[in-house]
Amino acid sequence: MKSQFEVFLRLKPSNNQSQNAMQYQIYQNKRLQVLLPKHVKFGMINNSRDNLDFNFTHVFDQKSSQEHVFTNVTTPVINSFLDGYNATIFAYGQTGSGKTYTMSGAETWQLRGVIPRALSYIFDEIDKRTKFEYKIYISFMEIYNENAYDLLEKRHLETPLEQWNKIALFEDDQNNIHLKNLSIHQCNNEQEGIDLLMMGNFIRQVSSTPMNQSSSRSHCIFTVTLEGCDTTSETCFVSKLHLVDLAGSERISKSQVEGNLLNEAKYINLSLTYLEQVIIALNERMKGANRQHIPYRNSLMTTLLKDSLGGNCKTVMIATISSENDNIEESLSTLRFSQRVGQLENEIRRNEKVDLEAVVKRLEQEKLALIRELEQYQRGGTSTSSNKKIQQQQQNLLPQSSGMPISQKEVQEKVELYLNERIPLLDVKSVEETQKCFEAMKDLYNTRMKEYVTELTFISEKLQKYDEILTRKYENIQSIRKEQSSFLEQKENSSPEIEVYRRNESPQVQFKKRPNQ
Ligand SMILES: Nc1ncnc2c1ncn2[C@@H]1O[C@H](COP(=O)(O)OP(=O)(O)OP(=O)(O)O)[C@@H](O)[C@H]1O
């Protein structure tokens, strides 16, 4: 199924109402028209044009609330994630344009952003979907200067970033990416999810020093993994939701950074440039160009988001821009980038799998029951499943309304009783009666033998089929176990203890701003 990328735009409220405000019009909540200032000195803007138009799935103006943004952007994507499709929501924009505000939120619970709202929504929804049993896992990582780190590793609270273990990437022969040193935490309710988000944000903040503002200069990926099993069948699915807060693009000349900060800015710009190159390559391929190679591997961020950008994933971008003329060059760059992203589409499929372990368990039970039945036949008894049939047959054998002479009926009944061990001896009074008994026995024997042979053939064939199915399932399980070994290993490594930062205890410390703001 094709899934077009959706691109949303959010305008950050202007700090002042002066003539510095960017001039724009929003049409039908879908089109932004920027009126270009004539005195732009950077040379990148075509002064011969008065305005530029940009189209979006939805444009959120300066007054749009967090709830409004969440409801419009996120609910459809999360519903599809809950149905078993991979999904990614990423925020892209200039430094300070509102990416973190949109994704994580601000100081108060009311101003919480997409990630905490998504957690509430997910847990509310899975409570309603009683046909499925769900398990939810969370991981949270940061990419800083082309290295990835685990934001849910408690030891990181006590050690500086330089001493943190880096997350290592491995690609298997099917091009699936596996991560080492990234803990995955099972999460049973909304509060546990929010605690993990806060712990990650807190670790991200404490890792920042004035010389190393990594919180503002890193890409962050909050991943929710959902395992859902249909309780009425043996099908399960695993889907992933990546919620991504990218580092801000910024002009080095404008920010006049130097030393460490210059280095970081270069890394950020480089990885965003690589992101742009990936988008351009994907665009060209979509338009029919012969582009076999998409340069995902040029940066860690594009490698990690490979599936989100050009794979099996429903992807949504939230572009954030400032509403000031001072930032118009960066805003136009974000707007142009978002138009390219909006042209992309991914081929998505439901990540559904038959729960092979459950199937094998059921088949083994059925096989065992059949073996028992077969043994019973071989001992000469009647099988449970065919009891009714035989009884029916016995009933049919009795000449109830056949018009036979009464003596024949009596003989028939006696034989039945004898064969069913209801009487110890056959009481025969004449030669004629003996002959009739033998006739009745012969008939009964032939009919039962025919029935047994048919049943035995049926059971043998069924057993043979089960053996074949079981062999195939065992082989599948072996390959799936191999595939999942990395995932399970990470699960085992995950730390069960989580620092608790409960929202009800101290609302002020939740959704903190980064130290430089
Ligand atoms: N829509 C908004 N409404 C109110 N305040 C906002 C909005 N967007 C951003 N802000 C405020 O602007 C400041 C900068 O926003 P934010 O930290 O989200 O930017 P950012 O794009 O994540 O920056 P960086 O790239 O440096 O991480 C914050 O104080 C934030 O609260």
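Computed from heavy atoms alone, side chains included, the values below leave out hydrogens, waters and symmetry copies. Read the numbers this way: they start at 1 and go in the same order the structure lists the ligands and their atoms.
- A salt bridge links D53 with R31: at least one charged nitrogen is closer than 4.0 Å to a carboxylate oxygen.
- Taking any N or O of Y101, backbone or side chain, at least one lies under 3.5 Å from an N or O belonging to ligand 1.
- At a heavy-atom distance under 4.0 Å, atoms from both the backbone and the side chain of S97 approach ligand 1.
- Judged purely by atom type and a 3.5 angstrom limit, N86 uses its side chain to pair as donor or acceptor with the backbone of K240.
- Atoms of ligand 1 found under 4.0 Å from any heavy atom of R10, numbered from 1 in the order shown, are 1 (N).
- The heavy-atom pair separating S338 from M317 by the smallest distance is CB-CE, 3.6 Å.
- Close contacts of ligand 1 with G248, meaning ligand atoms under 4.0 Å from a residue heavy atom, involve 25 (O).
- Screening N55, I321, L52 against L32 for a side-chain contact (heavy atoms from CB on, under 4.5 Å) leaves a single residue, I321.
- Polar contact with ligand 1: absent for P13 (N/O pair, distance under 3.5 Å).
- Taking a cut-off of under 4.0 Å to the non-hydrogen atoms of Q94, the atoms of ligand 1 that pass are 21 (O).
- Distances below 4.0 Å separate heavy atoms of G98 from the following atoms of ligand 1: 8 (N), 9 (C), 15 (O), 16 (P), 18 (O), 19 (O), 20 (P), 21 (O).
- For ligand 1, the polar-atom distance check against K12 finds a nitrogen or oxygen pair separated by under 3.5 Å.
- Of the candidates N201, I221, I115, F140 forms a side-chain contact (heavy atoms from CB on, under 4.5 Å) with just one, namely N201.
- A donor-acceptor contact shorter than 3.5 Å is absent between the side chain of R112 and the backbone of S104.
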